[in-house]
Amino acid sequence: MEKTLVIIKPDGVKRQLIGRILQRFEDKNLKIVQMKLTTLSEALLNEHYEHLKEKTFFEELIEYMMSGPVVVIVLEGENVIKKVRQLVGVTDPQEAEMGTLRGDFGLNKTQNLVHASDSLEAAKREVSEFFQ
Ligand code: UDP
Ligand code: MG
């Protein structure tokens, strides 16, 4: 069965939105198969966001992702990668549709509440990155 990696980012944990975010995935009948509360290291984040290294927002992004605990989750289900990206909404919360997590709760382009894998390849790599 297909799997995807989701991270409830530090703003989501700080604002006590963990329950409401998980509810959206459970409502869609997606199954939580792994989950942990953890604080991410700079080394792991550099690896995870390697492809964004040249971007102007890279340092701000790493600082933010290290600013507090996150919840890392593996979800499983049919077409789960696409379904989760739809539930999450586009990167910028100002552009994200209402009814999506970022549209409803996201603060700005950096503090946008959740990460979700964007392809089968990324999902496989990210699940093994975060759960050895
Ligand atoms: N990001 C940012 N500024 C931008 C674009 C992205 O701070 O202009 C951050 C944001 O937290 C985003 C992450 O970098 O979630 C990864 O960017 P990506 O383009 O992969 O967006 P996503 O797949 O998360 O929608
Ligand atoms: Mg991405």
Side-chain angles (χ1 to χ4, degrees):
M1 186 67 82
E2 191 174 291
K3 291 187 169 107
T4 195
L5 187 97
V6 169
I7 304 173
I8 303 178
K9 296 182 176 183
D11 57 314
V13 175
K14 243 170 240 156
R15 293 165 63 209
Q16 306 199 97
L17 294 171
I18 296 171
R20 292 166 82 175
I21 294 168
L22 293 177
Q23 188 70 64
R24 298 286 295 144
F25 299 130
E26 291 194 324
D27 285 348
K28 196 68 187 173
N29 204 33
L30 304 173
K31 197 171 149 197
I32 298 167
V33 291
Q34 299 198 76
M35 181 159 74
K36 63 182 174 188
L37 180 77
T38 183
T39 303
L40 300 175
S41 71
E42 192 167 3
L44 179 56
L45 286 164
N46 279 330
E47 188 183 322
H48 179 63
Y49 286 124
E50 165 80 43
H51 59 293
L52 300 175
K53 219 165 55 189
E54 306 303 324
K55 302 281 185 188
T56 52
F57 58 82
F58 183 74
E59 275 176 24
E60 183 193 355
L61 174 62
I62 302 295
E63 285 293 309
Y64 152 63
M65 289 298 289
M66 287 175 33
S67 68
V70 299
V71 179
V72 191
I73 307 145
V74 179
L75 291 172
E76 186 181 88
E78 208 174 301
N79 239 334
V80 69
I81 296 167
K82 189 169 174 211
K83 279 182 189 156
V84 168
R85 293 285 293 190
Q86 286 173 339
L87 290 168
V88 166
V90 298
T91 310
D92 185 350
Q94 298 223 57
E95 315 251 300
E97 305 251 8
M98 296 299 153
T100 65
L101 285 165
R102 285 169 171 168
D104 288 351
F105 302 113
L107 296 176
N108 57 58
K109 226 174 169 181
T110 298
Q111 301 185 41
N112 60 2
L113 202 73
V114 269
H115 165 82
S117 309
D118 64 4
S119 66
L120 194 54
E121 194 192 6
K124 283 184 181 155
R125 175 171 41 77
E126 291 174 358
V127 167
S128 59
E129 237 170 33
F130 286 89
F131 288 96
Q132 263 78 357

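All values below were derived from every heavy atom in this structure, side-chain atoms included, with hydrogens, water molecules and symmetry-related copies excluded. Remember, it's a predicted structure, so these values are computed and weren't measured experimentally. For this chain, numbers begin at 1 and follow the sequence in order.
You'll find the side chain of M65 reaches within 4.5 Å of the side chain of Y49, heavy atoms only. Side-chain atoms of V84 and K28, non-hydrogen and from C-beta on, never get closer than 4.5 Å to each other. Between F130 and V74, the closest side-chain pair of non-hydrogen atoms is not below 4.5 Å. Residues E129 and E126 are in side-chain contact: their nearest non-hydrogen atoms beyond the backbone lie under 4.5 Å apart. Annotation: side chain of L107 is in contact with side chain of R15 (closest heavy-atom distance under 4.5 Å). The closest side-chain heavy-atom distance from Q86 to K82 is below 4.5 Å. Side chains of L45 and Y64 form no contact here, defined as non-hydrogen atoms less than 4.5 Å apart. Side-chain contact between V72 and Q34 is absent, with no heavy atoms from C-beta onward closer than 4.5 Å.
Within a 6.0 Å radius of CZ in R20, no more than 12 heavy atoms belonging to other residues, nucleotides or ligands are found. For E97, the CD atom is loosely surrounded, since the number of other residues' heavy atoms within 6.0 Å does not exceed 12. Taking a 6.0 Å sphere around CG of D27, one finds it holds more than 12 heavy atoms contributed by other residues, nucleotides or ligands. Annotation: E2, atom CD; neighbour count of heavy atoms from other residues, nucleotides and ligands within 6.0 Å is above 12. Counting heavy-atom neighbours within 6.0 Å of K55 NZ, excluding the residue itself, gives a total of 12 or less.
The cluster map of Ile, Leu, Val, Met, Phe, Trp and Tyr, joined by side-chain heavy atoms under 4.5 Å apart, puts V127 and M35 in different clusters. Taking hydrophobic clusters as Ile, Leu, Val, Met, Phe, Trp and Tyr residues chained together by side-chain heavy-atom distances below 4.5 Å, M66 does not share a cluster with L37. Both F105 and V13 sit in one connected hydrophobic cluster of ILVMFWY residues. Membership requires side-chain heavy atoms under 4.5 Å apart, directly or through other members. A continuous path of Ile, Leu, Val, Met, Phe, Trp and Tyr side chains, each step under 4.5 Å between heavy atoms, connects F57 with I7, placing both in one hydrophobic cluster. The hydrophobic clustering, which links ILVMFWY residues whose side-chain heavy atoms are closer than 4.5 Å, places I32 and V71 together.
Across P93 and N112, no two heavy atoms sit closer than the pair CG-CB, 3.9 Å. Q111 and D11 make their closest contact through O-OD2, 3.3 Å (heavy atoms, listed as atom of the first residue, atom of the second, distance).
Residue D118 holds its CG atom at 11.5 Å from CG of L5, rounded to the nearest 0.5 Å. Atom-to-atom distance recorded for K9:NZ and S67:OG is 11.0 Å, nearest 0.5 angstrom. For the atom pair OG (S117) and CZ (R125), the distance works out to 8.0 Å, reported to the nearest 0.5 Å. Distance CG/L113 to CD1/I8: 7.5 Å, rounded to 0.5 Å.
In this structure, K36 is positioned above the aromatic face of F131, its NZ or CZ under 6.0 Å from the six-membered ring centre and within 45° of the axis.
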Walk me through whether F25 and L101 qualify under side chain to side chain contact (heavy atoms under 4.5 Å, CB included).
CA-CA 10 Å; F25 299 130; L101 285 165; 3.8 Å; yes
Show, in sequence, the C-alpha distance, side-chain angles and deciding distance for H48 and H115, and conclude whether the side chain to side chain contact (heavy atoms under 4.5 Å, CB included) test is met.
CA-CA 11 Å; H48 179 63; H115 165 82; 3.5 Å; yes
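Using a distance-only test at 3.5 Å, with no hydrogens or angles considered, a donor-acceptor pair links the side chain of D104 to the main chain of G99. For K53 (side chain) and N46 (main-chain N/O), no donor-acceptor pair under 3.5 Å exists by modelled atom type.
Each of L30, V114, V6, T100 was scored for a side chain to side chain contact (heavy atoms under 4.5 Å, CB included) with L87, with one residue passing: L30.
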